[in-house]
Amino acid sequence: MSEQYITLAEVRDLLTEENEKRELLTSQKHAMEQARAVCSISVDDAKSIVEEIGAIEGVTEYAAVKIADLLPQYPEDVRAIFSKERLAIEPKTIDQIIEVVGKYL
């Protein structure tokens with residue numbers, strides 16, 4: 001079995017689809033409602049963001065998914081995402097990320 005990061009948009013759609021088939025557990029219902037409340041983009045847009053951000057040098061799959069989930073609009077927000085990875089991110093890279101995210105807002 002392998003691990004794969006998925007966006008909140010995908011979580012929202014997967015749980016909504018599953019909810020139509022069967023009764024979800026309480027924790028799954030809460031996760032679905034949280035994803036609905038927080039996520040404002042489509043799955044296609046989220047995948048496009050992950051793909052475009054992932055193509056930027058130095059950006060991991062994890063960071064690309066986090067960016068698609070959080071949709072950072074300011075350099076401080078981008079730095080916060082990368083702070084966990086303990087990478088020094090270049091200002092040029094931050095600008096590229098903000099530009100990509102801006103296309104989907």
Student: With the 4.5 Å side-chain cut-off for hydrophobic clustering, are Val65 and Ile53 part of the same group?
Tutor: no
Student: So which atom in Ala46 and which in Ala9 form the shortest heavy-atom distance, rounded to 0.1 Å?
Tutor: CB-CB, 4.0 Å
Student: Does the side chain of Thr7 come within less than 4.5 Å of Lys47's, by heavy atoms?
Tutor: no
Student: Please report the closest heavy-atom contact between Pro72 and Val101, naming both atoms and the distance.
Tutor: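 It is O-CG1, 3.5 Å.
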Student: Which heavy atom in Arg12 sits nearest to a heavy atom in Ala35, and how many Å separate them?
Tutor: CB-CB, 3.7 Å
Student: To the nearest 0.5 angstrom, please state how far the CD atom of Glu33 sits from the CG atom of Leu24.
Tutor: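 Glu33 atom CD to Leu24 atom CG measures 9.5 Å (nearest 0.5 Å).
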Student: Quick one: pull up NE2 in His30 and CG in Leu25 and give me the separation to the nearest 0.5 Å.
Tutor: 10.5 Å
Student: Determine, step by step, whether Thr16 and Glu20 satisfy the side-chain contact (heavy atoms from CB on, under 4.5 Å) criterion, reporting the C-alpha distance in whole Å, the side-chain angles of both residues, the deciding distance to 0.1 Å, and the verdict.
Tutor: CA-CA 7 Å; Thr16 300; Glu20 292 171 1; 4.1 Å; yes
Student: May I ask whether Leu8 and Leu15 are part of the same hydrophobic cluster, defined by side-chain heavy atoms of I, L, V, M, F, W, Y residues being less than 4.5 angstrom apart, directly or through others?
Tutor: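 Looking at the clustering, Leu15 is in a separate group from Leu8.
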Student: Check step by step if side-chain contact (heavy atoms from CB on, under 4.5 Å) holds for Val100 and Gln96.
Tutor: CA-CA 6 Å; Val100 169; Gln96 287 177 307; 5.6 Å; no
Student: Between atom CD1 of Ile94 and atom CG of Asp77, what is the distance when rounded to the nearest 0.5 Å?
Tutor: 10.5 Å
Student: Quick one: do Leu105 and Ile41 end up in the same hydrophobic cluster if we chain Ile, Leu, Val, Met, Phe, Trp and Tyr together by side-chain heavy atoms under 4.5 Å apart?
Tutor: yes
Student: I need the Glu61 CD to Gln4 CD distance, nearest 0.5 Å.
Tutor: 6.5 Å
Student: Side chains of Glu51 and Ser48: do they bring a donor and an acceptor to under 3.5 Å?
Tutor: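 No donor-acceptor contact under 3.5 Å links the two side chains.
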Student: According to a 4.5 Å side-chain heavy-atom criterion applied to Ile, Leu, Val, Met, Phe, Trp and Tyr, with indirect links allowed, do Tyr62 and Val50 form part of one hydrophobic cluster?
Tutor: yes
Student: Looking only at heavy atoms, which two atoms of Val59 and Ala63 are closest? And how far apart?
Tutor: CG1-CB, 4.1 Å
Student: Nearest 0.5 Å, what's the CD-SG distance between Glu10 and Cys39?
Tutor: 9.5 Å
Student: Any heavy-atom pair between the side chains of Gln34 and Val11 that's under 4.5 Å?
Tutor: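 In short, these two side chains do not touch, never coming nearer than 4.5 Å.
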Student: Looking at NZ of Lys66 and OG1 of Thr60, how far apart are the two atoms once the value is rounded to the nearest 0.5 Å?
Tutor: 11.0 Å
Student: Do Ile56 and Leu71 belong to the same hydrophobic cluster, where Ile, Leu, Val, Met, Phe, Trp and Tyr are linked whenever their side-chain heavy atoms lie under 4.5 Å apart, directly or via other members?
Tutor: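 Yes, Ile56 and Leu71 fall within the same hydrophobic cluster.
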Student: Taking the side chain as C-beta and beyond, is there a heavy-atom pair between Asp44 and Tyr104 under 4.5 Å?
Tutor: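 Answer no - side chains too far apart.
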Student: Do Glu99 and Lys103 meet the salt-bridge criterion of a basic N to acidic O distance under 4.0 Å?
Tutor: no
Student: Taking the side chain as everything from C-beta on, heavy atoms only, tell me whether Ile97 gets closer than 4.5 Å to Ile81.
Tutor: no
Student: How close do Gly54 and Ala64 get, counting heavy atoms only, and between which atoms?
Tutor: N-CB, 4.1 Å
